[in-house]
Amino acid sequence: MQNIRFLFFFFPGYSDVVQLKESKFTRLCSTKSMMTVHGSFPGPVIRIHRGDMVYVNVHNQDDFGATIHWHGVKQTRNPWSDGPDHITQCRIQPGSNFTYNVIFGEDQEGTLWWHAHSDWTRASVHGAIVILPTEGTTYPFPKPDGEHLLVLASWFKGDLNDEYEEFLSNQTETTVLDDIAFTINGEPGDLVACDGETTHRWLVDYGKTYLLRIVNAVVNSELFFAISEHNLTIVGTDGAYTKPRVTSYIMIAPGQTMDVLITTNQGLSHYYMAARQFATFDPNITEFNNMTATAILQYRGNYAPPDVPSFPTNLPLFHDLDSGLGFLPLLRSLATPEHPVNVPLNITTRMFITASINMVNYTFEGTEVSHLAASLNNITFMDPTSSILLAYYRHTSGVYTTDFPDYPPSYYNFTGDTYPPPMSALATKVKVLNYNESVEIIVQGTNLLGQGEDHPLHLHGYTFYVVGMGRGNFNNETDPKRYNLVDPSERNTITVPKNGWVALRFLANNPGVWLWHCHFDRHLTWGMDSAFIVKNGETPETSILPPPAYMPSCAVQSSIRLEDFQDSIELVNKINVS
């Protein structure tokens, strides 16, 4: 029987329980106010046991509408509580509230996380989810002596709404000056101005083994992470256990989580834990976030502390493609009777999808305008004016179309230096799957406009098996012969490598509407997303649960994507998508 836990989160403001409002934080020598949960950055941790079900009541007393997504949580048959704005719900407006019923998969254990899923509010509204083993059971590795949680995040020095508008209207690629700083548990660390006194410290005992839970909540960057003079043994990713893998560093994409073991067997001292950007965009671009966030692993004991903690010399440099892309295929599932692997073998639906940075045209005040965009199979996704889930459930027409293409409109040298005109179409297209279809998706990165880079793709409502991955163009004859169908890693977020490809498989056995998108928020905002509609099965037990009694109103439209913010109101009213 499921254990049910009630948790109450409040957006900043006032309540009859505790005073909550937008909180002020000082970082990088300046102070600003931003949206938080419980006034903390990062937000509170949800700690449960495997198989629990959680109710979370969200009261929004901020000035902006927001939603919450439970990242990696399968939400079996319950897309109503998945959270992405205008996909499964509309925003919880200021002064209103909504209760989420968070249903974890019976097989999910380890570390996941929650975050806002409207505009870029997840930059400050996020926190970890710790799923402990079922009471009476234990981990598939020796029980650690303790555990610690690290949340890696972005710090925007300016007002986030202003930054968001600037990034949308900026006609340059994604990673240039996006993030002013990175943080580890809310602190940039010793290597930036004004923040050394508040650097996060983790106190450890000599000779112990700790479970370190790492969440990448960064908005637009993959990160390298390492601990000076200490190895990391990866034992889990995205809420699923893996075969132990010893490494001196990790590369973790936004949206991903990792569980690692660390044995504190070095000399009594202070050691930096460090995170820096893994930058896969054009290395000739020199203006990007090249700061390194630090925290300190500090041994307990009687010793003279060093003047400066030792720095991890094994932390890769920003543009180290071999270290970054070479890390991607290392992990394998446990594939044991207690933690089985069920890779679909008889595929019934095949898709080949290109992930690109390209251009879109639209007509504004009688003039055709081109704008930098992002796309999947040359479709730049447009937010609808209503919830896709509600439209699907109520059989409402005119909100979306079901003709998302299984293949790109043309084939060319996807990773080459010459390519066809890089135009995409603005549309709200989804892919429909029958219940229990076995799905294989090849995602191919492209170099359109010379803008090839990594794309961390996240699928809501599911985990998938990463059966193959490689650089260059996917070869339909030779690459499938190298698929790992025995113990592939099980993920909810995977990086499509720069100018490379990844092969995914999953069984469509969770009915509902499920967003699929790049977890670089700028690419998501520019349209690198779509949605799967998975139809009901033949029984009530294989069908979508009924909606809750109250869903947030869709009376307030989502900001139209790719808008020119100098004329935002006029554009919302007058845009004519060609």
Side-chain angles (χ1 to χ4, degrees), residues 54 56 66-91 100-105 107-108 112-118 121-122 126 129 215-217 237-240 253-257 351 353 355 376 381 383-384 387-393 400 404 428-433 435 437 439 441 443 455-466 490-496 504-521 523-525 527-535 544-545 547 551 558:
V54 175
V56 182
T67 68
I68 299 291
H69 169 54
W70 315 94
H71 187 110
V73 178
K74 292 184 178 178
Q75 294 285 19
T76 307
R77 301 172 50 220
N78 187 35
W80 307 103
S81 285
D82 189 49
D85 179 29
H86 281 76
I87 305 298
T88 61
Q89 70 169 97
C90 292
R91 301 183 191 192
Y100 289 94
N101 177 9
V102 187
I103 302 176
F104 295 82
D107 58 342
Q108 295 191 284
L112 297 173
W113 65 301
W114 58 267
H115 62 82
H117 212 302
S118 45
T121 47
R122 78 171 179 85
H126 59 253
I129 300 173
V215 175
N216 186 350
T237 58
D238 291 1
Q256 291 181 337
T257 63
M351 303 178 72
I353 297 178
L376 297 172
F381 190 84
D383 272 351
S387 157
I388 291 178
L389 173 60
L390 197 60
Y392 169 65
Y393 192 79
Y400 61 89
F404 181 87
T428 306
K429 296 179 182 290
V430 304
K431 171 67 177 179
V432 177
L433 298 171
Y435 186 82
E437 289 217 47
V439 183
I441 303 175
V443 187
H455 296 294
L457 292 181
H458 170 50
L459 177 60
H460 290 220
Y462 284 88
T463 57
F464 48 76
Y465 291 104
V466 183
E490 186 176 3
R491 310 298 292 264
N492 64 61
T493 305
I494 190 62
T495 291
V496 181
L504 317 173
R505 289 187 178 186
F506 66 94
L507 183 66
N509 58 0
N510 188 11
V513 175
W514 306 107
L515 182 63
W516 188 46
H517 65 93
C518 183
H519 226 279
F520 288 158
D521 277 20
H523 292 178
L524 167 63
T525 305
M528 191 175 285
D529 54 320
S530 184
F532 289 98
I533 292 180
V534 179
K535 293 182 178 181
I544 297 176
L545 293 171
M551 290 292 293
S558 169

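These figures come from a predicted structure and were not determined experimentally.
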When you measure from the side chain of [X] to the backbone N and O of [Y], does any donor-acceptor pair fall under 3.5 Å?
{"X": "T88", "Y": "G83", "result": "yes"}
{"X": "W80", "Y": "L545", "result": "yes"}
{"X": "D85", "Y": "C90", "result": "no"}

Among pairs that include at least one residue of residues 504-519, which meet salt bridge (charged side-chain N to carboxylate O under 4.0 Å, His left out), considering only residues two or more places apart or in two chains?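 Sorted pair list: E440-R505.
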What pairs meet the salt bridge (charged side-chain N to carboxylate O under 4.0 Å, His left out) rule with one or both residues in residues 66-75, with sequence neighbours excluded?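 Counting only pairs at least two positions apart or across chains, the salt bridge (charged side-chain N to carboxylate O under 4.0 Å, His left out) contacts touching residues 66-75 are K74-D107.
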Can you list the steps and then say if L504 with V466 is a side chain to side chain contact (heavy atoms under 4.5 Å, CB included)? CA-CA 5 Å; L504 317 173; V466 183; 4.1 Å; yes
For D82, what residues pass the salt bridge (charged side-chain N to carboxylate O under 4.0 Å, His left out) criterion, not counting sequence neighbours?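 None.
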Carefully, step by step, assess H460 and H517 under the rule ring pair (Phe, Tyr, Trp, His ring centres under 6.0 Å). CA-CA 9 Å; H460 290 220; H517 65 93; 5.3 Å; yes
Within this structure, what is the [atom1]-[atom2] distance for the pair [X] and [Y], rounded to the nearest 0.5 Å?
{"X": "T525", "Y": "D383", "atom1": "OG1", "atom2": "CG", "answer": "9.0 Å"}
{"X": "L390", "Y": "H86", "atom1": "CG", "atom2": "NE2", "answer": "11.0 Å"}
{"X": "L433", "Y": "N509", "atom1": "CG", "atom2": "CG", "answer": "11.0 Å"}
{"X": "Q256", "Y": "N492", "atom1": "CD", "atom2": "CG", "answer": "8.0 Å"}
{"X": "I388", "Y": "S530", "atom1": "CD1", "atom2": "OG", "answer": "8.0 Å"}
{"X": "L376", "Y": "H455", "atom1": "CG", "atom2": "NE2", "answer": "9.0 Å"}

List for me each residue that meets side-chain contact (heavy atoms from CB on, under 4.5 Å) alongside [X], sequence neighbours excluded, and say none if there are none.
{"X": "K535", "answer": "Y392, V432, N434"}
{"X": "A240", "answer": "E490"}
{"X": "L459", "answer": "Y462, F464, F506, W516, F532"}
{"X": "P456", "answer": "A253, P254, T493, T495, C518, H519, F520"}

So, do T237 and T257 sit near enough that their side-chain heavy atoms are less than 4.5 Å apart?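 Answer no - side chains too far apart.
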So which heavy atom on [X] is nearest to which on [Y], and how close?
{"X": "G255", "Y": "W113", "value": "O-NE1, 3.1 Å"}
{"X": "V54", "Y": "F104", "value": "CG2-CE1, 4.0 Å"}
{"X": "A531", "Y": "V513", "value": "CB-CG1, 4.4 Å"}
{"X": "P511", "Y": "Y435", "value": "CD-CE1, 3.9 Å"}
{"X": "N78", "Y": "N101", "value": "ND2-O, 2.8 Å"}
{"X": "G512", "Y": "I544", "value": "CA-CD1, 3.6 Å"}

Would you please test V56 and I68 for side chain to side chain contact (heavy atoms under 4.5 Å, CB included) and show each step? CA-CA 10 Å; V56 182; I68 299 291; over 6 Å; no
Reference residue H69; test side chain to side chain donor-acceptor pair (under 3.5 Å); the match among H126, H117, H458, R122: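 That would be H458; it is the only one of H126, H117, H458, R122 passing the side chain to side chain donor-acceptor pair (under 3.5 Å) with H69.
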Tell me every residue that passes side-chain hydrogen bond (donor to acceptor under 3.5 Å, both in side chains) with [X], counting only those two or more places apart in sequence or in another chain.
{"X": "H115", "value": "H71"}
{"X": "Y400", "value": "none"}
{"X": "S118", "value": "T121"}

Only counting residues at least two apart or in another chain, list the ones meeting ring pair (Phe, Tyr, Trp, His ring centres under 6.0 Å) with Y100.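 Testing Y100 for ring pair (Phe, Tyr, Trp, His ring centres under 6.0 Å), a comparison that skips the adjacent residues, returns W70, F98.
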